[in-house]
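Data block below; observations after.
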Amino acid sequence: MVISPSLIISSLNLGILTILLGSIFFFSKSYFSKGNVNFPLIKTTSACLSVNNDKEETIEYNSGPFAMAILKVLAFLSVLSLLVTCNNSIQSINITLSLWLSNTPLNISLNFIYDQYFLVFLSVALIVTWSIMEFSFYYMTEDPNSSAFFRLLTIFLLNMLILTCSNSLFLIFLGWEGGGFLSFLLISWWTTRNDASSSALEAVITNRIGNIGLITFMALSALNFNSSNLTNILSSNENLTPLLPFLLFGLILAAAGKSAQFGLHPWLPALLEGPTPVSALLHSSTMVVAGVFLLVRTSELFSSPLITHSLVLILGGTTALFAASTAIAQHDIKKIIAYSTTSQLGLMVTAIGIGQPALAFFHICTHAFFKAMLFLCSGSVIHSLSDEQDLRKMGGLSKLLPVTSSCLILGSLALMAPLLAGFYSKDLILEATSASVLNLLGIVLSIVATMLTAVYSFRIIFFCFSLSPSCSSPFSHSEENFNLNNALLRLATGTIASGWFFSNLLFAPPSFNVTSLAKGTPLIVPIIGVAALFMSLISSTSNSIGSNAHSATTSQWFFVDAVHLSIITMSLALSFFSSRTLDRGWQENIGPQGIAPTSTALSKISQAGQIGLIKRYILSSMASVLVILALSLLILS
Amino acid sequence: MRQIVSTFLFVTVVSGTIIVVSSENWFIIWVGLELSTLALVPILCSGFSPRNVEADNKYFLVQASSAALLLNGALGQAWLTGSWSILDPVNEVTSICLSIALAFKIGLAPVHFWFPDVLQGLPFFQGLIIATWQKIAPLILMFYFSQLGFSYLLITPSLISVLIGGWGGLNQTQVRKILAFSSIGNMGWLVITSAYSFNAAIIMLVIYLIINTSLFLLFDHLKVSTLGHLNTISQLSPISVALVLLVMLSLGGLPPLTGFILKFTSLYFLVANNFIILSSIMIIGNLQDYFFYLRISFNTSLFLFPQHIISSASWRNSTIISPLAPKAWLSSVSTVLSTLAIPLTLPLYIIT
Amino acid sequence: MVVYVTLIVMLFGSTLVFYSLSPYYSALGLVVFSVPGSFVLSFLGSSFVPIVLFLVYIGGMLVVFPYSSAISPERFPSVNNLGEVVGLVFLFSSWVFMSFDNFQDLKNIFHCFVSGESLVGSNTFYNSGGVLVILGVFVLLVALVGALIISRGIESTIIRAIWLW
Amino acid sequence: MALARCARCLRFDRFSPVVRVSSARYASGDVSLPGPYPETPEERAAAAKKYGMRVEDYEPYADDGWGWGDYPKLKKQHADDRDPHGDWDFPEDRRNWGEVMHIEQDLFVRQRPNAYKQNRKIPLWKQSMILGGILTTLATLGILGNKYKYFVPVGPKQYPFNNLYVEKGGDPDAVPDTPKNYTFPTSSYI
Amino acid sequence: MSATKTLSHAQRVLRLYKRSVRHMESWIPERPAFRYEATVLRARFDEHKNENDMKKAAQILQAGEEEFWEKQHPQPYIFIDSFGGTRYERNIPAPEWVLNKWHPIEKARYPYYFARREKRIAEEQARWDQLVEEERQLIEQGKLPPKEALPS
């Protein structure tokens, strides 16, 4: 058979990457007219653009429609390749493009790997990003330069795809770095806003800490296995006894930095300074799951030492508990969803810790859909309330925004109710945790986190939709926008269907032997949580005034306050003498302020020889040659 | 000058270089060098402006003296070994004579004085010939020669020339002098690499010739001779702002550009031969080169000087060069090669 | 010794050529250069080439003398400082003496580059040395063209680089 | 004090352009900042006048070799703690014209996180004790959880007829004897 | 100029009232409950409305501020356009003086606007000079106190 499925898949995916790469450089403004009926976006464009009424033409000076069209096509292509994989199960296709710097001891090659992980992730990321792009075309229309925004989103997606599809550590690092840098650009999108720039700084610095881990891993693997190829490293992980702890440390540090585990988490709520589509893209499918994805890719390395497993387990559990307990006391709707993202990441890392990377990846895929949908819902609420983000100013929105509110409820339910996307993976993870022999704390933490998940999800629902309206006048027409509704409904479909699809058609989820209590816990615990929430809401507010526990959860366990001060004091104490003696001491004299006069004097000296007399030139040349000869003869003899 | 005469002279220059490169007889090599020099002299002073002819005289005298030294060395070689072949081992005196002569021809450090003056006195196109084509033959000889193994006579001058090229260009305001000093520095890089690997030196020569050609052609097209005039580029032809910027950075050796391979290959071989301290010295010299490359780039792209009315009015009519003109074709091709050709250099790098 | 003296005279003539400001002395220098040159060649044992060279030079000089005196009748022909000329001559001759201490062996050089045969008679022009001869003729042609072109534009030139010190 | 002495010999202070590069000098282009350490009260008064402060408020850094000459030691106040609605000359960075900056001013600009937060409702020690308490509790729980594990011990699935030896395609002639069933091998789990 | 200014008693009371109402609003999301609590709070302020003994009033104010400090909200509601809000400092338009920094070439592309702008600036400058002159004359006539120099 000439056309093998692997051929189809590899060509499709290469084509997708290439088209995405090309679409970045596509700077042309999309143009279409009112008479063009078959284009669905026409209402939005006529709504948001300068229409001159004499000519019935609307000129769209925006690259948004182009990006949307590209992403739509690519999403369909990726789904096609995914279906090809469903039918005939393929192993990983390994494509080595060019041998780079071959005769150095370490050979570096552009090395792509198309395995099931990447194929599923590709389609999920493309569908989610397509919806987010559509939504952001609705959300960012008032922005001065929104075309650049769409382009940045596309570049971001491309970086993430490079990270997921590449097999050589250098490409992985490329995508990793690109993700960090693009997140910096996107968080500080409103550059005049001071909080935005400081949050962007925080994010990029924390990512640097994670990159230290990844670079450690790269360097040690180049030292150990003499290759930057991930498959080689994983296949030859027997002969690395001395350096294995450092390798694993690098990996865990990288993952913790990138996907905001406890200790390196503060940049993730800081992401919210960016526009809502950015938060949706970064939190759902691209940025924060990169660390977990790296752990999934390299999970074979974790096989040998058990202590690493339990460490990762405790880390993930702590993150889940921390984020969930913080989320129940926030008042910013985006912050609540961001912390729920963090707790879901903690669950993924827990799944890695108990040695079930497939479950972690499954949770990534299902989590992408409903988390993106939740963010888009909050974005639509925020946009309709004219940038009002505080929960206490929302209320009674279910009458104003029916689609949004239903999608919000669906997304909140997806974490705890059966037959929805989140439940498939989360239930599996909880089962695996309770069946694992590692640590009792893991299952405890994840169960508590699940309960708190129910609490904050229902808190959002309660505040947004059940209270009496307490907001300033919302735009009632915002839900007539096709981009908003299409995106929300598409993601809602994904939220309902993706869990069933993945678990039945793609992955073969393992089965565990657990007690009926542990099996029933994921069903029982949310109900308890919701009951507790309503109890506390009914007997609410005034009694919790001034309690330390409340302010502790509200201000994130005081982590940021305590740690910032300690870090700054420590680094000042450490670097005071060095900075005083070097940066503001003798090094300043020798270095920056010493080099300039020296080189100026030297260049003046060397220029004194340039008087345009040829005889002197020849004479001085001969003289200097003779000097050199004499010196060299003296040295050699 | 008439078309046919200039064509004849160009063909003679090329044939002289080809004779030098393809022959292994010292006498024929001398004849070829003389041939290209004699043919180049009228080309250089075709403008007959006083500066022009002065530079021409300097060039002719330096080339004649270096040719005399070369012939002297060749005669001594032939007299001692009894054959004119360049493959014979050389003894001290003849090797000194020959290397000094070749250093004269390529303007290596202690004997580099003539080069900035000559290049400053000439228009850009003639300067292009001197700075690129006339360097091929002596450099190839030099490469052959450094294989014969007396490296101290080459390493010291090339180190000095890297440093001199850096310091000389630091407070220059003339673009051509800056280019001359940068080419002195690059000559140092080439020669010191040729002491360790012939192929690497050849590759570096090719890349350097391409980058230098694109630079000279760009400046010849834009007619900018001092740093102060550089800022008019952004009005004359906006596209060449990016070109000048990229080619300058490529000459400095910024990694994604082609010039990076030049420095990378050289440093690879130097460090492989435990040449670490001196190669760091060369890197320092190259940093000074980089300083004035960056100065040119800044003046080209980032500054917007207060200007007189002509250049400030001329942002409307940006100069259009027809793609059929050979100069435009050559400059575009060489610019693309000198900025984007790093994947093409990989096979070159692999054969070394 | 005689060869040595003739060589020094040769060097003196050639230096005089490019140090003379007026065509008289340059032509004189050419003559002074040509005669000992043909002497040296005859010492080297070849008889035909020196004669041809001598005739060419003398004939050429006889042409050059009236021509140059016609185009540049300056009243006080002068040489840019003569002491330098002498100094250069002795510098060159001492250098030559240092590098080839025995002049009688110059034969070997000619022998080895026309593959062992001596230049007696003009036969080598037609077999093995022919390529060299053609090359030399081509070089002379190029030099002539260059000289013509330069001398067309010579009126607008300054030779500052030479006689400033 | 030996440290101070080595500091003095490390930085050629106040004769050299070293102190020129302190951040205060870049803020206000006055090159005479900071000057030598004021010993006499007159010098203190002059320095205080130079920095536009009252003599009572003026307190230079200790001159132990690491000091900053006569630069005043100011209160560590982050820009976020200043009144955002106040009437500043430069409202974007909440400074007044000619106001003396802290010597480590770059710690207190608005782009930096506010580490020196003033008037916290819960004092810092209580905050850090809460955080540490939570973390230590988690750590102890983790250690305990490593000690006392909770899981359902499971054995491999077992079938009759020698675990379906023949049905699984084994050789019917050479049937091995019955394996020992219903035992829980413990080694394969921990 | 500076932000540290002493407040009068009335100002402090008013600020305390406003802050406590705001924080109570952040504590109690439901509108009716909040209205009830706010009325109670207002009543508590009103019962000391005509307190004439300054000492006692200061003590009461002190007590009230301490109570507020105890009961303040860790995340009070911030209006979106005020400091710390979600839309604070977002997309600030460039100040007008940026146009002074434009290059003549760039200015040449909008000739009419810049012509009018030059005229406007000239008029503003003239008006400013006139004001300064008047003030100087008033100072000379002693109708205004002389200006002190800015701190250097």
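Note on naming: letters A, B, ... go to the chains in the order of the sequence lines (proteins, then strands), and numbering restarts at 1 for each one.
- Going from atom CD of A:Gln610 over to atom CD of B:Gln120 covers 10.5 Å, rounded to the nearest 0.5 Å.
- A distance-only check finds no donor-acceptor pair linking the side chain of A:Lys604 to the backbone of B:Asn171 [under 3.5 Å].
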Q: Let me see the working for A:Met622 and B:Leu69 under side-chain contact (heavy atoms from CB on, under 4.5 Å), right down to the final yes or no.
A: CA-CA 11 Å; A:Met622 283 307 176; B:Leu69 259 177; 3.6 Å; yes
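- Side-chain contact between A:Ile614 and B:Val62 is present, with at least one heavy-atom pair separated by less than 4.5 Å.
- Taking a 6.0 Å sphere around CZ of A:Phe173, one finds it holds more than 12 heavy atoms contributed by other residues, nucleotides or ligands.
- Neither the backbone nor the side chain of B:Phe291 comes within contact range of chain A; no heavy atoms are under 4.5 Å apart.
- Atom CG of residue B:Leu163 and atom OG of residue A:Ser599 lie 12.0 Å apart, to the nearest 0.5 angstrom.
- Contact record, B:Ile100 with A:Leu629: CD1-CD1, 4.4 Å, taken as the closest heavy-atom pair.
- Within 6.0 Å of CD1 on B:Ile277 lie no more than 12 heavy atoms contributed by other residues, nucleotides or ligands.
- With values rounded to the nearest 0.5 angstrom, A:Ile595 atom CD1 is found 9.0 Å from B:Leu287 atom CG.
- A distance of 12.5 Å separates CZ in B:Phe113 from CG in A:Leu613, rounded to the nearest 0.5 Å.
- Heavy-atom pairs under 4.5 Å with chain B peak, among A:Ser621, A:Ala623, A:Ser620, at A:Ser621.
- Only the side chain of A:Ser606 comes within less than 4.5 Å of a heavy atom in chain B; its backbone stays farther off.
- Counting heavy atoms from C-beta on, the side chains of A:Ile628 and B:Ile160 come closer than 4.5 Å.
- Contact of A:Ile605 with chain B is not made at all, since no heavy-atom distance falls under 4.5 Å.
- In this structure, CZ on B:Phe104 lies 6.0 Å from CD1 on A:Ile618, to the nearest 0.5 angstrom.
- Environment of CZ in A:Phe181: sparse, with no more than 12 heavy atoms of neighbouring residues, nucleotides or ligands closer than 6.0 Å.
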